[in-house]
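Below is one structure, written out as structure tokens; comments come after it.
Proteins get letters first, then strands, A, B, ... in listed order; numbering begins at 1 in each.
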Number of protein chains: 2
Amino acid sequence: MRLVCPYAARVEINRRSYVPLHIQLADILRRRIRAGDLAAGSTLPTEHQLATTYGISRDSVRKALAVLRSEGVVMTTRGEGTRVRAVPERRRIALGPGDEVVIRMPTPEERAEIGIDEGVPLAVISRPGEPDEIVPADEVKFTGGGAPQ
Amino acid sequence: MRLVCPYAARVEINRRSYVPLHIQLADILRRRIRAGDLAAGSTLPTEHQLATTYGISRDSVRKALAVLRSEGVVMTTRGEGTRVRAVPERRRIALGPGDEVVIRMPTPEERAEIGIDEGVPLAVISRPGEPDEIVPADEVKFTGGGAPQ
DNA sequence: TGAAATTTGTACGTATGTATA
DNA sequence: ATATACATACGTACAAATTTC
């Protein structure tokens with residue numbers, strides 16, 4: 001059984017701290033997500049609710065959510081809300097001696113084209129004699145021991 | 001010899017377009033960087049200069065720069081400016097059969113701790129009998145064919 | 001089906017703080 | 001020490017997508 005932290009919502013923003021408000025809120029929300037208080041797939045409070053709850057501007061709330069999006073922790077849909085991203089199962093990809101994998105961030109165009117969320121890196125897999133394969137890097141893990149070419 | 005596009009700076013923002021102003025500016029700057037007009041290591045115009053040059057608010061300029069930072073294309077230092085990131089040489093890492101590599105985005109704390117720029121993914125390398133190794137994913141490329149454990 | 005309310009996105013503004021040149 | 005440049009934090013207004021009624 002998983003215990004839910006009962007004080008999560010009571011964590012306060014400290015305006016005297018040197019830590020920016022949006023970083024403080026991002027930390028609070030990240031902790032709540034990790035603790036299971038905000039489960040994968042669930043919707044976060046609205047930006048307006050977060051602003052009034054924590055006593056900061058909507059601008060600061062949006063910056064906090066942008067931080068979490070860039071980490072791939074949450075995903076926001078216009079008119080709908082912000083949801084906790086369900087981290088996919090990583091399927092194993094075995095690399096042979098001639099194979100090569102390069103990791104980089106996608107451009108917004110690539111994100112739209114491939115249908116990949118913000119904050120998710122890209123894995124470019126090059127195998128000799130085959131066209132490059134591009135996959136979201138959060139869906140895979142790499143090992144050696146693949147068949148040699 | 002590399003040709004430099006002489007019209008790069010004349011590309012205009014289209015206010016009638018449905019494409020947001022900050023996305024348009026990010027596209028313009030990305031093109032200028034790729035074309036070599038803004039070379040690696042060079043400093044971009046200041047936020048104020050970009051705002052007046054392209055006739056948009058500093059807010060929109062900052063959003064455009066945030067997009068490019070999240071792609072690992074540029075890097076901003078407070079009081080100093082925004083520079084084109086020099087993409088590092090990728091050193092090759094060979095994976096053995098028991099090794100495992102997972103890619104994810106770092107938290108801001110990890111970024112500060114490891115000294116890694118915004119928009120750079122993290123590679124977590126697990127080898128049997130060794131502690132996990134964490135490296136910026138833009139400094140490496142992976143292949144199979146490593147020594148088995 | 002359609003209208004209204006909700007919710008996020010864009011775009012602008014101001015003021016002030018902080019790091020760098 | 002001053003000026004420059006980026007960062008934070010608040011505000012307003014309206015647009016656009018979704019949900020609700």
Side-chain angles (χ1 to χ4, degrees), chain A residues 12-29 38 41-70 73-85 108-109 111-112 115 117-119, chain B residues 12-29 38 41-70 73-85 108-109 111-112 115 117-119:
Chain A
E12 293 293 341
I13 298 282
N14 177 12
R15 296 193 86 94
R16 296 185 195 172
S17 166
Y18 290 115
V19 179
L21 304 186
H22 68 273
I23 301 293
Q24 291 188 48
L25 178 57
D27 289 342
I28 291 171
L29 294 176
L38 294 167
S42 68
T43 303
L44 269 64
T46 68
E47 295 176 354
H48 181 263
Q49 281 177 331
L50 288 171
T52 57
T53 299
Y54 290 99
I56 61 181
S57 68
R58 187 185 158 210
D59 187 66
S60 298
V61 170
R62 284 180 60 76
K63 280 174 186 156
L65 296 179
V67 168
L68 298 179
R69 276 196 301 272
S70 75
V73 174
V74 302
M75 205 276 192
T76 301
T77 311
R78 174 147 152 182
E80 195 178 335
T82 300
R83 285 170 174 274
V84 180
R85 256 174 59 84
E109 293 77 33
R111 283 224 326 277
D117 287 348
E118 205 174 327
Chain B
E12 293 293 339
I13 298 282
N14 177 10
R15 296 193 86 94
R16 296 186 195 171
S17 166
Y18 290 116
V19 178
L21 303 186
H22 68 273
I23 301 292
Q24 291 188 48
L25 178 56
D27 290 343
I28 291 170
L29 295 176
L38 295 167
S42 68
T43 304
L44 268 62
T46 68
E47 295 176 353
H48 180 263
Q49 281 177 331
L50 288 171
T52 57
T53 299
Y54 290 99
I56 61 180
S57 70
R58 190 186 156 209
D59 186 67
S60 298
V61 170
R62 285 180 59 75
K63 280 174 185 156
L65 296 179
V67 168
L68 297 179
R69 276 196 301 272
S70 75
V73 173
V74 302
M75 204 277 190
T76 302
T77 311
R78 177 151 155 175
E80 193 178 334
T82 300
R83 284 170 176 274
V84 180
R85 257 173 58 84
E109 293 75 34
R111 284 223 325 277
D117 287 348
E118 204 175 326

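In this structure, Ile56(A) atom CD1 and dA9(D) atom P are separated by 8 Å, rounded to whole Å. Atom C1' of nucleotide dC12(C) and atom CD1 of Ile13(B) are separated by 15 Å, given to the nearest angstrom. Between the P atom of dA9(D) and the OH atom of Tyr18(A) lies a distance of 13 Å, rounded to the nearest Å. In this structure, Arg58(B) atom CZ and dA7(D) atom C1' are separated by 7 Å, rounded to whole Å.
Annotation for Leu68(A) and Ala26(A): closest pair CD2-O, 3.8 Å, computed over non-hydrogen atoms.
Position along DNA chain D of the nearest nucleotide to Ser60(A) versus Pro45(B) favours Pro45(B) as the more 5'-ward residue.
Neither OP1 nor OP2 of dT4(D) sits under 4.0 Å from any side-chain N or O of His48(B). The side chain of Arg15(B) contributes an N or O atom lying less than 4.0 Å from OP1 or OP2 of dC12(C). Between Thr77(B) and dT20(C), a side-chain N or O to OP1/OP2 separation shorter than 4.0 Å is absent. In this structure, Arg62(A) does not reach the dT8(D) phosphate: none of its side-chain N or O atoms is under 4.0 Å from OP1 or OP2.
With hydrogens and angles ignored, the 3.5 Å screen pairs a side-chain donor or acceptor of Arg83(A) with a backbone N or O of Gly41(A).
The shortest distance between side-chain heavy atoms of Leu50(B) and Leu29(B) falls below 4.5 Å.
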